[in-house]
Amino acid sequence: MPELPEVETIKRGLQNELVGHTISAIEVRVPKLFIGEANKLVGQTVVSLDRRAKLLICQLTNYLLITHLKMTGQIIFVPKKDEHWVVGGHPDKAYIADLPHKHTHIIIEFDNGTLYFNDLRKFGWMKLLEKTSDLEPLVAEYGVEYTWPEYTLDYFTERLGRRPNTTIKQALLDQSLVAGVGNIYADESLFATKIRPTRKVADVKPKEIEALYHAIPAVFELSLSHDGTSSQHYRQHDGRKGRFMEFVNVYKREGAPCKVCGSPIERLKIAGRSSHYCPKCQK
DNA sequence: CACTTGACCTGTCCGC
DNA sequence: TGCGGACAGGTCAAGT
């Protein structure tokens, strides 16, 4: 479910809640979703939160706690003190009140509230790493972050060029190209650059590649400014939805009129993933 | 080696 | 209303 903007939004939200706070207890209801010795979390204090690709990285006093939300994972933090939300009131109180529920698989108690890990499909996981260097194999295959200085047109072009016979859609989903691009943002970036997702990488012209290189960060930033895309399951750390679905041009808009030309958006499968595009705008 | 498919799970939606 | 099938944002392993 969550791609880069969603995980980044959760990270930013949790930073405000968790940094400096200490874990008092942990309950793992579905053992296979927590890798490592969960009890070691007790007594640990959150030093910082970070993100790499779609991984959420929580630096603790002595360990790292890594989370991948995969398709339907959620991390919801409920503060002990309700006044916490007094400013404006909590926008989705009913959602919070339901926790924990049948899809809550891990519960972590902090001195200031409770963190719930929910996952309908149980694809997501949490992992306790004993030392910082254990993170390396987990992130070794990821490409650069779009915010890094290493994200250059040369890098992007060179990496794409290694896979000339793949469709551009498939290439974008490869985490070793640009970390954090998933189905939504691949489709939206391709619409923004008028490139049809079925095109072979080798047939995409340098100018189009350059446009794509700029479009990916732009789409990420736009989604971030609306707290991500809540197509179905995604929630922010406080239970609110993201609002980017209101702004998508093609994703999940099959049959709806293109916002640019009015043609019905089409959908087809590319490498097993549904892909949405405008048949008129995208060549 | 590169690419495709199936598996991991559970729920929703759509057609008959 | 019930039932079967397709589909869902991610990533691996196994197969071609």
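To find a chain, count down the sequence lines: A is the first, B the second, and so on, and within it residues start at 1.
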What is the separation between atom [atom1] on [X] and atom [atom2] on [N], rounded to the nearest whole Å?
X	N	atom1	atom2	result
Y185(A)	dG10(C)	OH	C1'	14 Å
F117(A)	dC9(B)	CZ	P	14 Å
H276(A)	dA8(C)	NE2	C1'	10 Å
D187(A)	dG10(C)	CG	C1'	15 Å
L120(A)	dG10(C)	CG	C1'	15 Å
I270(A)	dT5(B)	CD1	P	13 Å
D174(A)	dT11(C)	CG	P	10 Å
L55(A)	dT11(C)	CG	P	8 Å

| message | Which nucleotide wins on minimum distance to the side chain of E3(A), given the candidates dG10(C), dA8(C), dG11(B)? | response | dG10(C)
Sugar-phosphate only, base, or nothing, as touched by [X] at under 4.0 Å among non-hydrogen atoms:
X	value
T229(A)	base
R162(A)	nothing
G182(A)	sugar-phosphate
K252(A)	nothing

OP1 or OP2 of [N] sitting under 4.0 Å from any side-chain N/O of [X]?
X	N	value
K122(A)	dT10(B)	yes
K54(A)	dT11(C)	yes
K70(A)	dA8(C)	no
K169(A)	dC3(B)	no
K102(A)	dG11(B)	yes
Q170(A)	dT4(B)	yes
S274(A)	dC7(C)	no
R121(A)	dA7(B)	no
Q175(A)	dG10(C)	no
H105(A)	dC9(B)	no
H103(A)	dT10(B)	no

| Check: R199(A) side chain, K283(A) main-chain N or O, donor-acceptor pair, under 3.5 Å | yes
| query | Any donor and acceptor pair, going by atom type alone, linking the side chain of E6(A) with main-chain N or O of G228(A) inside 3.5 Å? | reply |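 No: the side chain of E6(A) does not pair with the backbone of G228(A).
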| task | Tell me whether the guanidinium CZ or amine NZ of K194(A) lies under 6.0 angstrom from the six-membered ring centre of F191(A) and within 45° of its axis. | result | yes
| Is the NZ or CZ atom of R52(A) positioned over Y142(A)'s six-membered ring, under 6.0 angstrom from the centre and within 45° of the axis? | no
| message | I'd like to know if the side chain of E37(A) pairs up with that of Y63(A) as donor and acceptor (distance under 3.5 Å, no hydrogens or angles considered). | response | no
| field | Pairing partner of dG15(C) (Watson-Crick or G-U wobble, both distances under 3.5 Å) | value | dC3(B)
| query | Are the ring of F123(A) and the six-membered base ring of dC8(B) within the stacking cut-offs of under 5.5 Å and under 30°? | reply |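 Stacking is present between dC8(B) and F123(A), given that their ring centres fall under 5.5 Å apart and the planes under 30°.
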Given the [atom1] atoms of [N] and [M], what is the spacing between them in whole Å?
N	M	atom1	value
dG2(C)	dC9(B)	P	28 Å
dT5(B)	dA6(C)	P	15 Å
dA7(B)	dG5(C)	P	15 Å

| task | Look at the rings of F220(A) and Y146(A) and say which category their plane angle falls in: under 30° parallel, 30 to 60° tilted, over 60° perpendicular. | result | tilted
| task | Please work out whether the ring planes of F77(A) and F110(A) are parallel, tilted or perpendicular, with thresholds of 30° and 60°. | result |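 Perpendicular, since the angle between the ring planes exceeds 60°.
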